[in-house]
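Structure first, commentary second.
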Amino acid sequence: MAAVARSVLAAGRVGCGRRGRGLPAAAAPYCTVAPQRERRQPPADMRSYMWSRYKEAKRVTKELVPSIMSNMLNPDAIFSNNEMSLSDIEIYGFDYDYTLVFYSKHLHTLIFNAARDLLINEHRYPAEIRKYDYDPNFAIRGLHYDVHRALLMKIDAFHYIQLGTVYRGLSVVPDEEVIAMYDGSHVPLEQMSDFYGKSSQGNTMKQFMDIFSLPEMTLLSCVNEYFLKNNIDYEPVHLYKDVKDSIRDVHIKGIMYRAIEADIEKYICYAEQTRAVLAKLADHGKKMFLITNSPSSFVDKGMRFIVGKDWRDLFDVVIVQADKPNFFNDKRRPFRKVNERGVLLWDKIHKLQKGQIYKQGNLYEFLKLTGWRGSKVLYFGDHIYSDLADLTLKHGWRTGAIIPELRSEIKIMNTEKYIQTMTWLQTLTGLLEHMQVHRDPDSQMILEEWKKERKEMREVNRNFFNAQFGSLFRTDENPTYFLRRLSRFADIYMASLSCLLNYEPDYTFYPRRTPLQHELPGWSDQLCTEF
């Protein structure tokens with residue numbers, strides 16, 4: 001898109017700037033030279049002059065779309081936040097859920113329905129909430145929930161709420177009301193979620209980072225909607241806790257596990273080529289381990305389905321019910337061996353043996369028993385906090401994030417309609433930035449029209465991804481809070497493990513160098529042309 005911007009700006013003389021392909025760099029300026037007042041006499045007819053620049057910019061932008069479409073993004077690529085060579089990696093570690101195994105759309109409906117029924121049967125919520133069904137298109141991962149105000153929202157990397165994405169129940173909250181509640185759109189640090197995204201110790205925001213949290217967000221919104229529509233007075237904090245406990249019980253009471261084991265073909269997707277990935281790594285002499293919070297029998301049945309009955313032969317260490325992220329921080333819990341019947345043994349563990357399954361334990365004991373330390377270890381998981389944060393910050397492991405939503409978002413970004421919209425939106429922004437120096441009434445009136453068009457186009461752009469909240473990775477301009485954490489805690493990220501099949505075992509991932517705001521590209525001076 002940088003080349004596109006150059007061509008547009010040079011041909012239309014509408015401003016200057018740099019934007020990345022598809023997903024622009026965070027808050028990058030469209031013009032890196034400070035605006036100046038005109039040095040020549042402005043045109044006599046400013047209205048005609050402004051609109052002629054607008055039409056020329058639009059013409060050039062339209063002509064450039066085919067060339068942009070010839071450089072599509074690969075949805076099966078691996079993207080790098082930090083330089084990393086696979087030749088340095090000797091040991092590969094994996095989470096289980098949404099890393100080694102992917103689930104069908106039926107699973108979230110199962111979780112939603114089961115938690116909803118628990119609310120009714122065990123927490124005495126009105127039976128009428130049973131009329132609400134799970135909507136897979138309502139929420140996206142990474143959203144924040146204000147526990148005290150019962151508001152679901154999208155927040156950017158700088159703690160600013162994206163207006164138009166704040167929901168009370170199933171209805172959007174007007175921007176004016178949001179600004180009044182928060183004295184603007186910024187959420188102070190002390191109100192944000194804690195390190196693991198939780199609302200604790202005075203934090204009023206909860207961030208939903210887990211893929212399993214999508215049904216939870218939807219259920220919260222549906223019950224809020226019911227109470228609001230029926231004018232029922234309720235305490236939002238109690239509602240949040242009851243929904244959280246119900247979702248938790250679907251897991252710990254075994255409701256989800258039993259349902260999946262009973263109809264494994266319905267709930268587990270076989271197409272992610274997990275066995276091919278593991279076999280490739282084994283063929284190149286890599287050691288592998290599994291650390292998951294899921295129980296032993298559940299993991300065994302799932303792995304038999306997607307990998308084969310000999311799946312344990314591929315792993316040097318298998319740890320279940322690890323209780324991450326506590327596994328990475330609590331030094332007190334010892335490992336326990338699980339026998340073939342799922343019975344916990346009382347033997348003291350002096351060595352983690354291949355072919356055995358272990359429960360609980362902690363990372364410090366794991367490091368002591370295996371000696372697998374530092375940057376020779378690469379661990380993959382889907383939860384940025386529970387799976388990756390501690391490993392990269394405290395232990396120096398390399399980390400890979402599995403982001404299933406990435407594939408669908410890239411496919412959207414490769415469509416002609418999206419490219420047309422984004423190219424013109426960026427050009428229009430550059431036009432606004434450069435032409436704002438004209439202060440006469442006609443020019444200011446036209447600028448207001450362009451601002452209105454830009455606002456409307458931003459809404460169109462959001463709807464490409466999700467009608468309520470837009471892209472997982474970006475607000476209107478800035479990266480989302482989710483992407484900020486992804487960039488910090490993941491060396492690489494990809495849609496699924498199958499992406500590894502596209503790379504040789506000695507491949508080096510190089511992050512794209514993105515110019516900082518003060519790093520002026522050499523061509524920028526030439527493009528910033530005064531009007």
Side-chain angles (χ1 to χ4, degrees), residues 17-20 22-31 81 139-168 171-199 202-209 213 217 221 384-385 405 409 422 425-426 428-430 432-433 436 451-452 454-489 514 516-518:
R18 174 196 52 76
R19 278 290 188 263
L23 288 176
Y30 285 86
C31 184
N81 292 321
I140 62 172
R141 198 155 50 124
L143 299 178
H144 280 80
Y145 185 76
D146 189 325
V147 174
H148 293 277
R149 294 187 173 102
L151 298 176
L152 187 65
M153 67 189 72
K154 186 176 176 182
I155 295 179
D156 73 13
F158 302 98
H159 297 191
Y160 282 91
I161 300 167
Q162 181 179 6
L163 297 177
T165 69
V166 180
Y167 276 74
R168 179 185 290 116
S171 302
V172 66
V173 180
D175 294 350
E176 298 78 13
E177 186 176 344
V178 174
I179 292 170
M181 280 190 289
Y182 292 95
D183 292 324
S185 59
H186 184 263
V187 180
L189 178 63
E190 61 269 17
Q191 294 181 24
M192 291 292 288
S193 52
D194 67 10
F195 181 79
Y196 295 107
K198 298 178 181 179
S199 59
N203 305 99
T204 60
M205 291 285 186
K206 153 74 177 179
Q207 188 180 20
F208 291 101
M209 298 293 278
S213 67
M217 285 185 275
S221 298
I384 296 171
Y385 296 149
E405 301 93 334
E409 290 217 7
M422 279 303 301
L425 178 58
Q426 293 179 71
L428 180 61
T429 302
L432 275 164
E433 182 176 20
Q436 65 182 319
K451 289 177 182 178
K452 181 180 178 181
R454 180 172 180 257
K455 181 179 180 181
E456 292 170 351
M457 290 187 67
R458 282 178 159 185
E459 293 177 2
V460 170
N461 182 61
R462 184 174 69 204
N463 291 338
F464 279 122
F465 302 99
N466 176 280
Q468 291 74 234
F469 303 101
S471 168
L472 172 64
F473 304 100
R474 184 168 288 285
T475 58
D476 288 328
E477 284 297 321
N478 294 327
T480 57
Y481 195 84
F482 177 92
L483 182 61
R484 174 185 175 182
R485 309 304 270 176
L486 173 65
S487 301
R488 178 65 185 89
F489 300 138
T514 302
L516 301 175
Q517 303 303 300
H518 63 276

- Message: Are the side chains of Val173 and Val178 in contact, using a 4.5 Å heavy-atom criterion?
- Response: yes

Taken to the nearest 0.5 Å, the spacing of Asn461 CG from Glu456 CD works out to 14.0 Å

The reported gap from CZ in Arg458 to CG in Leu428 (rounded to nearest 0.5 angstrom) is 10.0 Å

For Glu177, the salt bridge (charged side-chain N to carboxylate O under 4.0 Å, His left out) test, sequence neighbours excluded, returns Arg168

d(Leu143 CG, Met205 CE) to nearest 0.5 Å is 11.5 Å

Original post:
Would a 4.5 Å heavy-atom cut-off, applied to side chains only, mark Ile140 and Phe482 as touching?
Top reply: no

Margin query: Could you check whether any side-chain N or O of Glu409 sits under 3.5 Å from a backbone N or O of Leu472, counting only pairs where one atom can act as donor and the other as acceptor?
Written below: yes

Polar side chain donor-acceptor pair, Tyr145 to Gln207, under 3.5 angstrom: no

Donor-acceptor list for residues 150-167 side chains, cut-off 3.5 Å, not counting sequence neighbours:
{"residue": "Lys154", "atom": "NZ", "partner": "Phe469", "partner atom": "O", "Å": "2.7"}
{"residue": "Lys154", "atom": "NZ", "partner": "Ser471", "partner atom": "O", "Å": "2.6"}
{"residue": "Lys154", "atom": "NZ", "partner": "Arg474", "partner atom": "O", "Å": "2.7"}
{"residue": "Asp156", "atom": "OD1", "partner": "Phe158", "partner atom": "N", "Å": "2.8"}
{"residue": "Asp156", "atom": "OD1", "partner": "His159", "partner atom": "N", "Å": "3.1"}
{"residue": "Asp156", "atom": "OD1", "partner": "Tyr160", "partner atom": "N", "Å": "2.9"}
{"residue": "Asp156", "atom": "OD2", "partner": "Asn478", "partner atom": "ND2", "Å": "3.0"}
{"residue": "His159", "atom": "ND1", "partner": "Val187", "partner atom": "O", "Å": "3.4"}
{"residue": "His159", "atom": "NE2", "partner": "Arg484", "partner atom": "NH1", "Å": "3.4"}
{"residue": "Gln162", "atom": "NE2", "partner": "Asp476", "partner atom": "OD1", "Å": "3.1"}
{"residue": "Thr165", "atom": "OG1", "partner": "Gln162", "partner atom": "O", "Å": "2.6"}

Heavy-atom closest pair (Arg141 atom, Met217 atom, distance to 0.1 Å) is CA-CE, 4.3 Å

Note to self: Any side-chain to backbone donor/acceptor pair from Arg462 onto Thr475? Under 3.5 Å, distance only.
What the structure shows: no

When rounded to the nearest 0.5 Å, the distance separating CD of Gln191 from NE2 of His144 is 11.5 Å

Exercise for review: Take Thr429 and Arg454, measure what side-chain hydrogen bond (donor to acceptor under 3.5 Å, both in side chains) needs, and give me the verdict at the end.
Suggested key: CA-CA 7 Å; Thr429 302; Arg454 180 172 180 257; 2.8 Å; yes

Given Phe489 and Asn81, is the side-chain contact (heavy atoms from CB on, under 4.5 Å) satisfied, shown in steps?
-> CA-CA 9 Å; Phe489 300 138; Asn81 292 321; over 6 Å; no

Going through the checks in order, is the side-chain contact (heavy atoms from CB on, under 4.5 Å) test met by Gln468 and Val172? CA-CA 8 Å; Gln468 291 74 234; Val172 66; over 6 Å; no

